[in-house]
Undergrad: 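I'd like to ask you about the structure that follows.
Just so you know, ligand 1 is whichever comes first in the structure, and atom 1 is the first atom listed for that ligand.
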Amino acid sequence: MAIDIYELKLKTNLKNPCNIIIGDSREVLSRFPDQIFQCCITSPPYWGLRDYGIDGQIGAEQNVEDYIRNLVLVFREVRRTLKDNGTLWLNIGDSYTSGNRGWRDSDKKNAARAMSYRPPNPEGLKNKDLIGVPWKLAFALQADGWYLRSDIIWNKPNCQPESVKDRPTRSHEYVFLLSKSEKYYYDYEAIKEPGVNGSLKNRRTVWNINTRPFKEAHFAVFPPELAEISILAGSMQDSLVLDPFFGSGTVGQVSIETGRRCVGIELNKEYAEIAERRIKNSNPGFL
Ligand SMILES: C[S@@+](CC[C@H](N)C(=O)[O-])C[C@H]1O[C@@H](n2cnc3c(N)ncnc32)[C@H](O)[C@@H]1O
């Protein structure tokens with residue numbers, strides 16, 4: 001059952017296959033002890049792209065530096081609660097400056113793109129500039145003590161078409177692999193990919209994975225395959241996996257399917273309930 005942060009001490013049982021906690025990940029994580037998670041797999045809200053309609057949401061900051069600072073604080077708590085040999089798999093996409101328009105119309109193909117606010121252009125950037133948010137965040141995390149081990153391109157063969165005529169259509173996002181220590185748990189055998197003549201080769205840094213909408217969620221969800229690769233490489237059977245931006249619960253779902261346990265934190269109660277229903281429907285024994 002999704003639990004409110006005020007019930008956290010009473011009801012969280014880390015032996016459960018999945019605990020969903022409703023609250024701000026900064027606040028919720030501060031209540032967890034050090035070194036309990038083997039890996040963290042997550043996709044924070046992108047800066048200025050979606051309105052999740054709730055106070056305290058990350059991504060709605062007016063200023064990109066504040067957004068990066070907020071995420072560094074969340075991931076500092078993630079680092080504390082990760083085992084010393086743990087890893088963070090962080091999916092993040094980029095965006096363009098808003099051209100100082102304070103809103104965005106809903107899109108015929110994607111109503112969730114509508115925004116009642118849009119942040120102004122970051123200082124020093126012009127209209128139409130690509131902001132470079134993923135690398136700003138990656139460098140800020142590196143400066144905060146994380147080991148930045150790999151940038152992975154998530155290539156989306158079925159990406160949304162764009163009506164632009166002065167640049168290529170964006171069809172990728174980043175996944176950064178970061179570690180807490182120089183040496184860490186990484187099961188390279190578990191995620192090998194097909195090579196020549198039926199052989200297997202070490203996983204490459206470009207992952208071709210179609211996006212898959214989840215019908216109840218009005219926001220970008222992880223394709224289960226992306227979560228699965230990260231979980232298989234980053235954890236063992238029965239490990240505890242963390243997703244501090246749980247959304248529709250893809251990481252929880254895949255954790256259970258692969259024999260791991262999961263803690264998911266989600267600020268929006270409605271989304272936490274969507275995740276709970278999804279996980280209960282496909283795992284009748286859940287809680
Ligand atoms: C990109 S979505 C995650 C989608 C998820 N990977 C999935 O597969 O459904 C980001 C989520 O972070 C949540 N969120 C935003 N700010 C938060 C905060 N401060 N603490 C916890 N969750 C937050 C949003 O409500 C949203 O559900």
Undergrad: Checking side chain to side chain contact (heavy atoms under 4.5 Å, CB included) against V64, which of P122, S95, P119 comes through?
TA: P122
Undergrad: Describe, in one word, how the ring planes of W47 and Y67 are oriented to each other, choosing from parallel (under 30°), tilted (30 to 60°) and perpendicular (over 60°).
TA: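 Aromatic pair W47/Y67 classed tilted.
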Undergrad: With atoms numbered from 1 as shown, which atoms in ligand 1 lie under 4.0 angstrom from a non-hydrogen atom of F246?
TA: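 Contacts of ligand 1 toward F246, numbered from 1: 5 (C), 7 (C), 9 (O).
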Undergrad: So which of Q35, Q38, K180 actually passes side chain to side chain donor-acceptor pair (under 3.5 Å) with N85?
TA: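 In the set Q35, Q38, K180, the residue that makes a side chain to side chain donor-acceptor pair (under 3.5 Å) with N85 is Q38.
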Undergrad: May I ask you to check whether Y186 and Y188 place their ring centres under 6.0 Å from each other?
TA: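 No, ring centres 6.0 Å or more apart.
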Undergrad: Mark up the atoms of ligand 1 that fall under 4.0 Å of a heavy atom belonging to P244, in ascending order.
TA: 21 (C), 22 (N)
Undergrad: Under a heavy-atom criterion of less than 4.0 Å, does G23 contact ligand 1?
TA: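 Yes.
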Undergrad: Kindly state whether the ring of F176 and the ring of W89 have centres lying under 6.0 angstrom apart.
TA: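 F176 vs W89: aromatic centres not under 6.0 Å.
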Undergrad: Hey, which atoms in ligand 1 end up nearer than 4.0 Å to a heavy atom of Q57?
TA: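 This gives 16 (N) as the contact atoms.
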Undergrad: With heavy atoms of Y271 as the reference, note each atom of ligand 1 found under 4.0 Å away.
TA: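 In order of numbering, the contacting atoms are 25 (O), 27 (O).
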Undergrad: Decide whether an N or O pair under 3.5 Å exists between L267 and ligand 1.
TA: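 So ligand 1 has an N or O lying under 3.5 Å from an N or O of L267.
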Undergrad: Going by the order shown, which atoms of ligand 1 are within less than 4.0 Å of some heavy atom of F222?
TA: 6 (N), 7 (C), 8 (O)
Undergrad: Return yes or no for this condition: an N or O of P44 is under 3.5 Å from an N or O of ligand 1.
TA: no
Undergrad: Using a 4.0 Å cutoff against the non-hydrogen atoms of R26, which atoms of ligand 1 qualify?
TA: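 Counting atoms of ligand 1 from 1, those under 4.0 Å from R26 are 19 (N).
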Undergrad: Enumerate, atom names and distances included, each donor-acceptor pair closer than 3.5 Å involving a side-chain atom of residues 234-244, sequence neighbours excluded.
TA:
| residue | atom | partner | partner atom | Å |
| --- | --- | --- | --- | --- |
| S235 | OG | I231 | O | 2.7 |
| S235 | OG | R260 | NE | 2.9 |
| Q237 | NE2 | T258 | O | 3.1 |
| D238 | OD1 | R261 | NE | 3.4 |
| S239 | OG | M236 | N | 2.9 |
| S239 | OG | M236 | O | 3.0 |
| D243 | OD1 | T42 | OG1 | 2.5 |
| D243 | OD1 | F245 | N | 2.9 |

